[in-house]
4 protein chains.
Amino acid sequence: MSDEQEMVPRKKPRQRRAQETVEALLTATAQLLDEEGYEQLNTNQIARRAGVSIGSLYQYYPNKEALVFALVERLADRQYAIVKEKFAEMVELPVEEVAREIVVALLEIRQLEPELNRLLSEQLPRTAQFGKLRGWLERLHGLVSAELRRRHQEIRPPAPEIAAYVIVYGMHGIIEQMGMDKEGEVDHGQLVREVSEMMTRYLSKRSSDDETNAMFG
Amino acid sequence: MSDEQEMVPRKKPRQRRAQETVEALLTATAQLLDEEGYEQLNTNQIARRAGVSIGSLYQYYPNKEALVFALVERLADRQYAIVKEKFAEMVELPVEEVAREIVVALLEIRQLEPELNRLLSEQLPRTAQFGKLRGWLERLHGLVSAELRRRHQEIRPPAPEIAAYVIVYGMHGIIEQMGMDKEGEVDHGQLVREVSEMMTRYLSKRSSDDETNAMFG
Amino acid sequence: MSDEQEMVPRKKPRQRRAQETVEALLTATAQLLDEEGYEQLNTNQIARRAGVSIGSLYQYYPNKEALVFALVERLADRQYAIVKEKFAEMVELPVEEVAREIVVALLEIRQLEPELNRLLSEQLPRTAQFGKLRGWLERLHGLVSAELRRRHQEIRPPAPEIAAYVIVYGMHGIIEQMGMDKEGEVDHGQLVREVSEMMTRYLSKRSSDDETNAMFG
Amino acid sequence: MSDEQEMVPRKKPRQRRAQETVEALLTATAQLLDEEGYEQLNTNQIARRAGVSIGSLYQYYPNKEALVFALVERLADRQYAIVKEKFAEMVELPVEEVAREIVVALLEIRQLEPELNRLLSEQLPRTAQFGKLRGWLERLHGLVSAELRRRHQEIRPPAPEIAAYVIVYGMHGIIEQMGMDKEGEVDHGQLVREVSEMMTRYLSKRSSDDETNAMFG
DNA sequence: CATGAATGAGCGTTCATTCAT
DNA sequence: CATGAATGAACGCTCATTCAT
C-alpha cells in the first residue's frame, strides 16, 4: 500500500535557505497535526502555514506521510539517544535505584517534547508506517532485558525478558496516560513515587517468592 | 466539524431487513478499516462492500465517523458491561486475589473481540471523538479506586486514586502490547503470572511501608 | 506505462440520462481536441464544455486517454464495418472496377466523418494506445490481400500481400493528405480519377511484365 | 499560444562548451520523446537527462516546443537538402528511371535517421507548429511537379501537379508504413520493386490514355 | 425505502518558469 | 554564464453528499 520509498525525503536540502524551508515545513506539520488531526492534515495547508510554496514542499517530501514520518523519526531518534545515555550512567547504581532511574528517564524523555509526544501518539495510527513511534520501546525493552540479565542475581523475576516487558510497557502505559491528563487532575509527583515503588517491589528479592501466601502472613 | 450530533445514527432500523443492512454496513466498515486504514476509509467503498447502495448508507449514518463511532460504542459498552460484572463478583474476594482477577478480567475483555480491539486501537486517533475507545478505562479507574478505598485497611498504597491509576493504566499498557505481539514472540502465560505478581506486591502492606529506603535494609 | 485498463470505460451507462452524459462528454472531447489539441486537452475542460460535472466524467472514463480512445474506437469500428460491406458487394465486379471501388470506398469512409478523421489523425500520437486509428488499415490490408489472391489470375502483381500493401498504404497516404488540403487548393475530382488510374494500371496484366524496357518501346 | 517567436532558440551558442550543452539537450529531448512521448516530455526531465541545470536549458530554449522544433527543423533541412541534390542528378535521366530514383531517394531519406524519423512522426501532432515535419513533402511536391512539367511530353498524366501529388503522397504513405513494420514482417526489397513498378506504369504513356475503359479491350 | 447518477469542493501533484546566489 | 531553490497556476482525481427516479 505505502512503499518504503514513499516515506523517504525526495532530496536533501543542501543550501541554507533550503534547510530553513524544511524546518518551516516540519514545524507547520506539527502545528497542523495538533490543530486539525492527521486525517485533515493536507499538503497545501502545510505549505501555506510554513510560508512556503506547495512546489517547494514537494521538492523535499513526496506526501504528508513523509512529513509526519520525518517528525516521528527525529523524535524517536532523540528519545532513544537519551535512553542509551541514561543506561550508560546506570550500570553503577544499585538495583533499587535503577528502577527509579528508569521511571525518571522515561518521564524526562516524555518531557523532552511533551506536546509533540502527545500529538503523535494521539493523532497517528499505530501502523507499520509509523512503527518508529513505538519502535524505540522495543529497543528500550532490549536494553532493560540486558541490564536485568546482567543483574539477575540481585533481582527476583525469573526471566529478564518477561520482567523487562512488564516494566517497560507497564510504565509506558502509565506515562502515556499522564501525557493525556488535564492540568491538576492527578498529582504527578505522587504518581512518580508510586510507579517507582511498584517497580522496585516488583524487582526486589525480598518479600516472598511464593507470592500471596506469604504476603499477608 | 464533528458535532456530537454528527456521531449519532440518523434513525433506528425497525424492520428486520433494515437491521441486516445496518449489520452489513458495520461489518464492511470493520473489514475496510482493517484493510485500508481509517484515513482511506470512505462511504462509497463501505456501501459497495456491504452490498448496499450509497443512498441506503446515508439513510442510517450521516458520515463515516458515525459508522466507526457505532463500532467503537458497541465494543466499549460490551467491555464495560463485563468489567462491571466482574467487579460485582469481586467484592467478596481477598485483596490479593482481586489483583489477579483484574488482570484476568482485562485479558478476557481484550479477548472478547481481539481483532476488532486491535483494529480500533491501531487505526483510530485517540481524540475526543473516539473517547469511548479509551473512556471505559476511566470508568474502570473509578471502579478500582472505589474498591481500593473500600479496602484501604488491607492495602499499602496511601491514595486509592493513585494506586488505581498505576494499576489500571500500567496493566492496560502491557495488555495493549500483548495484543500487538506476533504469535509465539513472548510467553503470554508467564506474562500474566508476572503481571499478577507485580500488582499483588504493589498492593501488599508487607515489605516496606516507607518505600524503597527500607527495602534493602 | 499505460495499462490496457486505463483505456477502458469505468462503467457502462445504464439509464438514459447516463447515456446522454456519455454522449455529451464524447462530443465535447472531439470539439476540444480540435480547438486545443491533444496535449492541451484536459478533463476539467471537457466536463465544463459537456455541461457535466467533473465527477460524472470520472464515473465513466478514468482519464482523457480513455475518452479519446472511445472516439477512436467508435470511428474505427464504423469504418471497418463499411469496408467489409463494400467488399461483400465487390466480389462480383471485374478487377478494373475493383480498383476504382476501393478508391471510392476509402474516400467515402473518410467522408463519413471528415472532421473527426482529420482531427484524430492530426492530433493523436501514432502510438500503440491509439493503434485502432491505423489498425483498421491492417484489417483492410488483410481483406485486399485475400481479394487479390482470389483474383490472382486476373492481375499482374506476383505477391498479393505486397500488392495489397502498396495499394492500401499508398492510397491511404494520398487520402490522408487530401483530408488536410485547404478548400480549392487541389482538384479532388481529378485526383480520384488519377488515383484510380494508378491502381488500375498497377494491377493490370497488360502493358509489359518486364517493366521499363517495354514501356517506351 | 505558440507564437512563431516561441519556437526560436533564445540565443546562438558561440563557445564550444555551449555548443555541447545544446547538443546534450537535443539528444536528451530525442531520447525522452521516444521513452515518454511528446505529452509526458518536460523541461526539468530534459535538463536532468542532459546533465545540465534547468537554468541553462532556458538560456537556449524558451520551452519544450522549441526543443522539439529544433529537432524537427534539423531533420527537415537535412532531408530536403538530400532531395534537392538527388533532383539535380536526375535531370539527365530518362523518365522511367526518374520514377525509380524518387522511390530510392525517399527511402534513403527515411534511412538517414530512421529512429528519429519514426519518433517524430509517431509522437508529434501534425499541426502547424511542426509543419516542417511534413512541410518538406510540399517542397518535394513542388520539385516533382516542376520536373513532370518539364517532361510533360514524355509522360501520360495530364496535370503535373496532380501526378506529383499522387506520386509523392502515395509513396510517402507506403514508406511511412514501412518505417513502422516490425522486422521481417514484409519483404521491403520486393516492396521497393513494386512501388517502382507502380510509379513507372502510372507515368507511362503506353497502355491506355483513355483510362480503364480501354484497358481491357 | 432503495437506488445510483450526478454534483462539486477541495486536496494531490506536476512542471514551466524565474531569479538569487 | 551556470546553478538549483523557489514559485504557483492549473490540472488530476476523489469522495462525501444529494436527489430524481
Side-chain angles (χ1 to χ4, degrees), chain A residues 10-11 13-22 39-48 51-65, chain B residues 6 11 13-15 17-18 21 40-48 51-67, chain C residues 10-11 13-22 39-48 51-64, chain D residues 6 11 13-15 17-18 21 40-48 51-66:
Chain A
R10 287 194 160 170
K11 66 173 168 187
R14 298 191 188 288
Q15 302 180 10
R16 190 162 55 79
R17 115 186 118 134
Q19 186 55 48
E20 285 163 10
T21 297
V22 164
E39 200 189 2
Q40 307 303 326
L41 196 65
N42 75 67
T43 51
N44 285 315
Q45 201 184 16
I46 292 171
R48 203 179 321 120
V52 151
S53 81
I54 183 63
S56 291
L57 185 152
Y58 279 96
Q59 296 240 348
Y60 299 107
Y61 296 98
N63 47 47
K64 78 169 174 184
E65 280 78 21
Chain B
E6 300 273 353
K11 59 176 157 191
R14 302 203 181 281
Q15 300 175 14
R17 202 171 53 141
T21 299
Q40 306 304 327
L41 201 64
N42 74 70
T43 51
N44 285 317
Q45 199 184 14
I46 292 171
R48 203 179 322 123
V52 154
S53 79
I54 182 67
S56 295
L57 183 152
Y58 277 92
Q59 293 273 340
Y60 297 108
Y61 296 97
N63 50 44
K64 80 169 172 177
E65 278 77 22
L67 280 155
Chain C
R10 287 194 160 171
K11 65 175 168 187
R14 300 191 186 287
Q15 303 180 8
R16 190 163 53 80
R17 113 186 118 137
Q19 185 56 47
E20 285 163 11
T21 298
V22 164
E39 198 189 2
Q40 306 304 325
L41 197 64
N42 75 67
T43 51
N44 286 315
Q45 201 184 15
I46 292 170
R48 203 179 321 123
V52 151
S53 80
I54 183 65
S56 292
L57 184 153
Y58 279 97
Q59 296 239 349
Y60 299 107
Y61 297 97
N63 47 47
K64 78 169 174 183
Chain D
E6 300 274 351
K11 59 175 154 190
R14 303 202 179 282
Q15 299 175 13
R17 201 172 53 142
T21 297
Q40 306 304 326
L41 201 64
N42 76 69
T43 51
N44 285 317
Q45 199 185 16
I46 292 171
R48 202 179 323 121
V52 155
S53 78
I54 183 67
S56 294
L57 183 153
Y58 278 92
Q59 292 275 339
Y60 298 108
Y61 296 97
N63 50 44
K64 79 168 173 178
E65 278 78 21

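Every chain is numbered from 1, with letters handed out A, B, ... down the list of sequences. Treat the numbers as computed from the prediction; the structure is a model and nothing was measured.
- Taking the side chain of C/Y60 as heavy atoms from C-beta on, and the options E/dT3, F/dC13, E/dA6, the nearest nucleotide is E/dA6.
- For E/dT7, the OP1/OP2 oxygens have a side-chain nitrogen or oxygen of C/S56 closer than 4.0 Å.
- For F/dA16, the OP1/OP2 oxygens have a side-chain nitrogen or oxygen of B/N42 closer than 4.0 Å.
- Place B/I54 and A/G55 on DNA chain F by their nearest nucleotides, and A/G55 ends up nearer the 5' end.
- The shortest side-chain heavy-atom distance between C/Y61 and C/T43 does not fall under the 4.5 Å cut-off.
- In this structure the side chain of B/L67 never reaches within 4.5 angstrom of the side chain of B/L41, judged on heavy atoms.
- For F/dT21, the paired nucleotide is E/dA2, the pair qualifying as Watson-Crick or G-U wobble because both relevant distances are below 3.5 Å.
- B/I46 comes within contact range of no nucleotide atom at all, as no heavy-atom separation falls under 4.0 Å.
- Pairing each heavy atom of C/T21 with each of C/S56, the nearest pair is CG2-CB, 4.3 Å.
- Of the residues near DNA chain E, D/L41 and A/Q45, the one whose nearest nucleotide (by heavy atom distance) lies more toward the 5' end is A/Q45.
- Pair assignment for E/dG12 gives F/dC11, based on Watson-Crick or G-U wobble hydrogen-bonding distances that are each under 3.5 Å.
- Of the side-chain N and O atoms in B/T43, none sit less than 4.0 angstrom from OP1 or OP2 of F/dC15.
- Here F/dG12 is the nucleotide among F/dG12, F/dT18, E/dG8 with the atom lying nearest to any side-chain atom of C/Y58.
- Position along DNA chain F of the nearest nucleotide to D/G51 versus C/Q59 favours D/G51 as the more 5'-ward residue.
- Minimum atom distance to the side chain of D/N44 is reached by E/dA16, of the listed F/dG8, E/dA16, F/dT18.
- When every heavy atom of C/E39 is checked against every heavy atom of D/E65, the shortest pair comes out as OE1-OE2, 4.1 Å.
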